[in-house]
Amino acid sequence: MAPTLDLVVNGTRHTIAADPPRTLLTVLRDELDLTGTKYGCGEGQCGACTVMIDGVAARSCQTGAAAVAGRRITTIEGLQHNGRLHPLQEAFLEAGAMQCGYCTPGMIVSGAALLAKNSNPSEEEIVSALQGNLCRCGTYPRILAAIRLAASKMKRSAA
Amino acid sequence: MSYEPERYELMAAPAYDFSFGRRGFFKTLGGGIVVVSFLAKSQAQESGGGRARFGRSLPQQIAAWLHIDAQGAVTVYTGKVEVGQNARTSLTQAAAEELGAPAGAIELVMGDTARTPFDMGTFGSMTTPQMVPQIRRAAAAAREILGPGAWETLDFANADKKLASGVTTSGHPKPTSEWKVLGTSVSKVHGREIVTGSHRYTSDIKLPGMLYGRVLRPERFDAKLVAAETSAAQAMPGVTVVRDGDFTGVAAPTPHQAQLALAAIQARWTAPETQWSSKTLFSELKRTAEAGRERGAGSIEKGLAEAERKHQATYTIAYIAHAPLEPRAAVAEWNGDRLTVWTGTQRPFGVQSELAQAFHLPESNIRVMVPDTGAAYGGKHTGEAAIEAARLAKAAGKPVKIVWTREEEFTWAYFRPAGVIEVRSGVSNGRIVAWEFHNYNAGASGLNTMYDIPNKREEFHPTQYPLRQGSYRGLAATANHFARESHMDELAALSQSEPLEFRLRNLKDERFRAVLQAAADRFGWGKRKAGAGVGYGIAGGFEKGSYVATCAEVHCESGQAPRIVRVVEAFECGAILNPDMLKNQVEGAVVQGLGGALFEAVEFENGRILDARFSKYRVPRFRDLPKIEVVLLNRRDLAPAGAGETPIMTLAPAAANAIYSATGERIRSMPLSRRAADGSTVSGAAAV
């Protein structure tokens with residue numbers, strides 16, 4: 001029997017062929033139909049393919065699927081809980097932080113990973129965390145505003 | 001493997017398209033009201049002349065149509081596409097406003113050659129001035145047919161009865177003063193799908209049995225394939241190889257197999273020698289220039305002879321890339337000799353024509369659909385990926401998807417034209433008396449000065465050029481404004497005038513004055529003294545019906561690239577349709593403009609692009625972000641103009657002027673920081 005590996009994506013276990021070696025990005029998009037994670041450059045320079053591995057933002061185009069077998073993978077599709085948007089997804093809508101929307105999933109996943117470990121990031125911490133994410137439409141000011149908004153929403157709901 | 005005629009062989013496009021009988025069309029819609037909005041004759045000519053989508057039984061100038069079913073569901077059909085500029089939302093608002101219906105009751109079908117009226121394409125900032133009024137007229141006509149109160153009572157019983165009469169022309173849109181939906185910040189249609197990752201772009205489409213395609217690219221521009229050994233690729237299971245004229249490509253069941261098959265092809269190329277490179281670019285553009293067509297007023301010779309002070313300077317503009325985050329993508333599926341293609345393009349009907357020519361088919365056999373696209377910025381007027389996917393799908397007998405790699409997008413798409421601009425001028429008593437402006441290759445749009453000058457000559461000169469070049473957000477106007485507004489500052493200095501005051505003294509257009517003043521007021525222009533590496537610059541302009549002015553604060557530290565730290569941009573495009581989305585567009589244009597202003601340049605040599613990756617081609621990132629303030633002037637007395645392009649024009653000259661105010665150094669090349677880095681693109685200036 002051909003070797004397989006198990007990927008745990010958004011809480012669901014998927015068994016996929018281990019060979020040939022391939023990126024997590026192509027497995028998510030072309031095999032598991034999780035197309036919210038985007039291809040933008042294939043060299044880890046644009047952040048459109050960002051997912052979380054055990055809660056930490058990672059470039060799925062630079063990540064071998066085998067390397068993350070068994071670990072907790074979260075994609076943009078996994079940020080909602082019981083049909084309720086993640087506070088950062090809500091904040092992106094509220095701040096109108098998108099134009100074409102193609103970079104948006106990667107931006108939200110990067111931002112959500114930041115907020116998970118730092119609930120009150122400074123401007124510099126946000127910029128550092130998102131420096132590797134490109135938005136060619138230039139919505140950076142709104143994305144910064146959305147992350148600040150989400151941080152304050154999360155603080156309020158935690159209080 | 002199959003051999004067919006050259007795929008780009010030209011065939012005349014059919015003059016008419018009888019694919020969709022009127023009767024058949026209405027039948028597919030079911031019951032309800034259909035309202036068709038016709039283009040005014042003059043507009044039809046501007047947009048290339050409508051074509052008959054219904055055969056000869058109807059006039060050809062159809063702009064949009066609208067259908068309301070018996071339950072009150074509204075569908076608006078337009079050939080425009082959504083590429084991030086938020087046309088889907090503003091056009092939805094236009095329909096909702098006139099119908100008196102909630103925006104949520106309206107669905108827009110955009111960019112589908114089988115279902116939407118012919119449209120030249122989504123470019124030139126035309127959607128707002130042309131399509132918004134068309135949809136408003138159609139929706140107003142529908143409201144008049146339904147009678148008052150239809151949406152309050154949800155009584156659409158009349159709808160079925162009215163279908164018999166079928167087609168209405170033009171309703172009476174509400175005056176601006178009665179707007180309730182237009183003019184408000186309705187949030188983005190499909191926003192929830194975007195933030196949850198469920199919004200499907202072309203590159204996300206997957207059809208049953210679909211293969212993944214890759215195309216063999218020449219190793220250099222203009223290279224010819226001498227030989228290709230494809231047997232190893234063909235021997236791979238499930239792989240289809242196509243070699244057809246200059247086209248060689250593969251299709252395979254997985255992206256990985258397609259990559260292996262492509263890599264297994266051994267190709268030999270031959271390419272002509274070329275003198276062109278990014279180093280020789282500007283001298284070659286000048287060397288190959290043709291005479292321009294003269295435009296002007298007065299006598300430039302007389303103006304220069306009489307001027308107190310004279311000046312001349314040369315400005316250069318580098319090639320830059322659009323680099324939309326979603327590269328070109330297409331999915332193609334054949335059914336006999338009928339072809340269906342999904343692709344991200346600004347010109348669905350143009351791509352339909354390209355496919356018809358490439359495959360020697362009538363356009364009626366081809367349907368092109370444009371899912372909302374991961375941006376374009378003028379860079380997706382063409383259908384390369386669609387033709388490639390269709391060619392492979394034809395050979396494979398299965399649907400094929402092509403998604404260009406980033407490197408392909410950086411290399412085989414097209415670029416914003418590079419250019420050289422020469423300006424000669426004269427001033428007397430703080431007034432410009434002579435203005436001579438020659439643009440080589442950068443393009444003619446925005447060529448003419450907005451200032452009031454008695455003697456002027458302004459010419460665009462076509463040249464030979466080394467790279468495939470085409471549209472870009474505000475392309476030529478950005479180059480022309482860079483040269484013009486930089487030179488205005490130089491003249492202000494020459495006549496010992498304050499830059500803003502010098503501009504205001506030399507203009508008559510009150511709308512132009514208003515944006516300059518608005519930007520200056522918000523910025524606090526003239527309140528702080530430049531120097532010690534901190535400088536302030538201003539620039540303004542007009543293009544495609546709208547006015548813009550930008551003030552910039554720039555910090556220059558020796559040995560480092562200049563940094564734009566604060567930008568105030570004032571913008572006026574007539575009556576505002578959606579204030580928050582307009583602000584979003586203006587902010588986005590400033591951010592995207594940072595790249596062309598400061599650091600973007602396509603480097604090439606020997607028929608190759610040298611910086612075809614995001615790791616080499618620098619685009620604006622979070623850390624480059626200045627503080628941006630947008631001032632919107634709402635002129636409800638004026639018809640709305642488009643806003644996607646003009647706001648990008650004036651950042652570069654404002655920054656160049658700010659650098660001069662900080663350091664006394666005048667940089668006359670875009671991008672501005674390239675000179676600081678390698679010193680190689682200095683352009684000349686001299687008093688005469």
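Letters A, B, ... mirror the listed sequences (proteins, then strands); counts begin at 1.
- Neither the backbone nor the side chain of B/His190 comes within less than 4.5 Å of any heavy atom in chain A.
- Atom CZ in B/Arg473 sits 5.0 Å away from atom CD1 in B/Ile648 (nearest 0.5 Å).
- At distances below 3.5 Å, at least one donor-acceptor pair connects side-chain atoms of B/Gln346 with backbone N or O atoms of B/Lys380.
- Among B/Gly593, B/Ala589, B/Pro255, the residue making the largest number of heavy-atom pairs under 4.5 Å with chain A is B/Pro255.
- Between B/Glu326 and B/Ser203, the shortest heavy-atom distance links the atoms OE2-OG, 2.7 Å.
- Within a 6.0 Å radius of NZ in A/Lys117, no more than 12 heavy atoms belonging to other residues, nucleotides or ligands are found.
- At a 4.5 Å heavy-atom cutoff, the contact between B/Thr373 and chain A is made by backbone atoms alone.
- Here A/Glu43 does not pair with A/Arg59 in a salt bridge; the nearest charged N to carboxylate O distance is not below 4.0 Å.
- Comparing A/Cys103, A/Gly96, A/Gly132, A/Pro141 by heavy-atom pairs within less than 4.5 Å of chain B, the highest count is held by A/Pro141.
- For chain A, the option among B/Val590, B/Thr405, B/Leu594 with the highest count of heavy-atom pairs below 4.5 Å is B/Thr405.
- Listed options A/Leu79, A/Asp33, A/Thr26 were ranked by heavy-atom pairs under 4.5 angstrom with chain B; first place goes to A/Asp33.
- Among the candidates B/Gln585, B/Lys627, B/Met210, B/Met581, the residue making the largest number of heavy-atom pairs closer than 4.5 Å to chain A is B/Gln585.
- Contact count versus chain B (heavy atoms, under 4.5 Å) is highest, among A/Leu134, A/Leu144, A/Thr139, for A/Leu134.
- Scanning both residues, B/Val586 and B/Phe571, for their nearest heavy atoms gives CG2-CD2, 3.8 Å.
- With a 4.5 angstrom heavy-atom cutoff, A/Thr75 does not touch chain B via any of its atoms.
- Heavy-atom distances place no part of B/Ser187 under 4.5 Å from chain A, backbone and side chain included.
- Salt bridge absent: B/Arg200 and B/Glu193 never bring a charged side-chain N and a carboxylate O closer than 4.0 Å.
- Taking A/His14 as the reference, nothing meets the ring pair (Phe, Tyr, Trp, His ring centres under 6.0 Å) condition, with sequence neighbours excluded.
- For a residue to count as touching a neighbouring chain, one of its non-hydrogen atoms must lie under 4.5 Å from one of that chain's; by this rule B/Asp372 does not touch chain A.
- Proximity to chain A is limited to the backbone of B/His199, based on heavy atoms less than 4.5 angstrom apart.
- With chain A as the partner, the residue from B/Val83, B/Ile628, B/Val619 showing the most heavy-atom pairs under 4.5 Å is B/Val619.
- Donor-acceptor pairing under 3.5 Å is lacking for the side chains of A/Gln45 and B/Arg613.
- Taking CG of A/Leu130 as the start and CD of A/Glu125 as the end, the distance is 12.5 Å to the nearest 0.5 Å.
- Neither side chain, B/Gln93 nor B/Thr89, offers a donor N or O lying under 3.5 Å from an acceptor on the other.
- The closest side-chain donor-acceptor pair between B/Glu569 and B/Thr550 falls under 3.5 angstrom.
- Ring planes of B/Phe622 and A/Tyr140: tilted class, angle from 30 to 60°.
- The candidate with the highest count of non-hydrogen atom pairs below 4.5 Å against chain B, out of A/Gly138, A/Gly36, A/Cys135, is A/Gly138.
- In terms of heavy-atom pairs under 4.5 Å with chain B, the best-connected choice from A/Lys38, A/Met107, A/Glu77, A/Arg22 is A/Lys38.
- B/Pro620 and B/Gly595 get closest at one heavy-atom pair: CG-N, 3.4 Å.
- For chain B, the nearby parts of A/Gln131 are the backbone and the side chain; heavy atoms of each come within less than 4.5 Å.
- In this structure, chain A has no heavy atom under 4.5 Å from any part of B/Phe410.
- The pair B/Arg623-A/Glu124 counts as a salt bridge, with a side-chain nitrogen and a carboxylate oxygen less than 4.0 angstrom apart.
- Considering only heavy-atom pairs separated by less than 4.5 Å from chain A, the leading option among B/Lys188, B/Lys206, B/Glu407 is B/Lys206.
- By a heavy-atom distance cut of under 4.5 Å, A/Leu85, A/Gln89, A/Phe92, A/Leu93 are the residues of residues 84-94 of chain A near chain B, going up by number.
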